[in-house]
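In each ligand, atom 1 is the first atom listed, and ligand 1 is the first ligand listed. Reckoned from all heavy atoms, side chains included, excluding hydrogens, waters and symmetry mates.
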Amino acid sequence: MKKLLFLACLSSSAFAAEPSLERQTELRDLLKNDCGACHGLTLQGGLGLPLQPKNLEGKSDEFLIDAIKNGRKGTAMPPWKPFLNPDEIAWLVHLLKNPN
Ligand code: HEC
């Protein structure tokens, strides 16, 4: 049921192109392993800021997308644009705000 809701939510959102299901699995792995290395396995924070929904409340998608795309200069947050396309980054931000 939760999953259905998530899908319904996804299909009504503004992605130009949602990543394929296969790519979504890769992105979830990336989030856990690569992003999790700094942000914590459950994204509770570590070297990087916590990225759980309660931490992202009030932060716009654009703001978070920019952080992932371009990194944060002067911090350990690297730019991911060489590895992730804009749709994938938007999808990740959506996932962070609406984990299932
Ligand atoms: C090498 C460590 C490292 C890795 C790997 C990393 N981050 Fe970060 N990230 C950081 C740090 C440090 C910050 C805080 C930057 C600051 O102080 O503004 C940050 C900030 C962020 C922010 C902004 C949060 C906010 O509230 O402003 C987002 C979103 C984010 N990271 C997402 C990701 C995602 C998604 C990945 C994986 C694709 C990732 N990060 C991988 C270190 C990392």
For N70 and D66, run side chain to side chain donor-acceptor pair (under 3.5 Å): C-alpha distance rounded to whole Å, both residues' side-chain angles, the deciding distance at 0.1 Å, then the answer.
CA-CA 6 Å; N70 301 312; D66 180 72; 2.7 Å; yes
Ligand 1 N/O within reach of R72 N/O, cut-off under 3.5 Å:
yes
For the residue pair P53 and L96, what are the closest heavy atoms and their distance?
CG-O, 3.5 Å
Nearest protein heavy-atom contact for atom 10 (C) of ligand 1: which residue, which atom, what distance?
M77 CB, 3.3 Å
Residue L49 vicinity, atoms of ligand 1 by number, heavy atom under 4.0 Å
14 (C), 24 (C), 25 (C), 26 (O), 27 (O)
Enumerated ligand 1 atoms positioned under 4.0 Å from heavy atoms of A67
22 (C), 23 (C)
Is the closest N or O pair between K59 and ligand 1 shorter than 3.5 Å?
yes
Contact between ligand 1 and A76 is defined here as a heavy atom of the residue under 4.0 Å from a ligand atom; is it met?
yes
Among non-hydrogen protein atoms, atom 5 (C) of ligand 1 lies closest to D34 O, 3.4 Å
Between Q44 and T42, is any side-chain donor less than 3.5 angstrom from a side-chain acceptor?
yes
So is F63 in contact with ligand 1, going by heavy-atom distances below 4.0 Å?
yes
Spacing of OG belonging to S20 relative to CD belonging to E88, to within rounding of 0.5 Å
8.5 Å
Please write down residue, atom name and distance for the protein heavy atom closest to atom 20 (C) of ligand 1.
H39 CE1, 3.7 Å
Starting from the C-alpha separation in whole Å, work towards a yes-or-no answer on salt bridge (charged side-chain N to carboxylate O under 4.0 Å, His left out) for K54 and E57.
CA-CA 5 Å; K54 63 175 184 287; E57 260 169 37; over 6 Å; no
If you count heavy atoms of other groups shown closer than 6.0 angstrom to NZ of K69, is the number above 12?
no
Protein heavy-atom partner closest to atom 12 (C) of ligand 1 - residue, atom, separation in Å:
L47 O, 3.6 Å
Nearest neighbour of atom 28 (C) of ligand 1 from the list N55, T75, L51, on a heavy-atom basis:
L51
Got the closest protein heavy atom to atom 38 (C) of ligand 1, with its distance?
C35 SG, 2.7 Å
Heavy atoms only: give me the nearest F83-R23 pair and the separation to one decimal.
O-NH2, 3.4 Å
I'd like to know: is atom 8 (Fe) of ligand 1 within the 2.8 Å range of an N/O/S atom from C38, strictly under that distance?
no
Main-chain N/O of L49 paired to H39 side chain as donor or acceptor, under 3.5 Å:
yes
To the nearest 0.5 Å, what is the distance between CD1 (I89) and CG (N85)?
7.5 Å
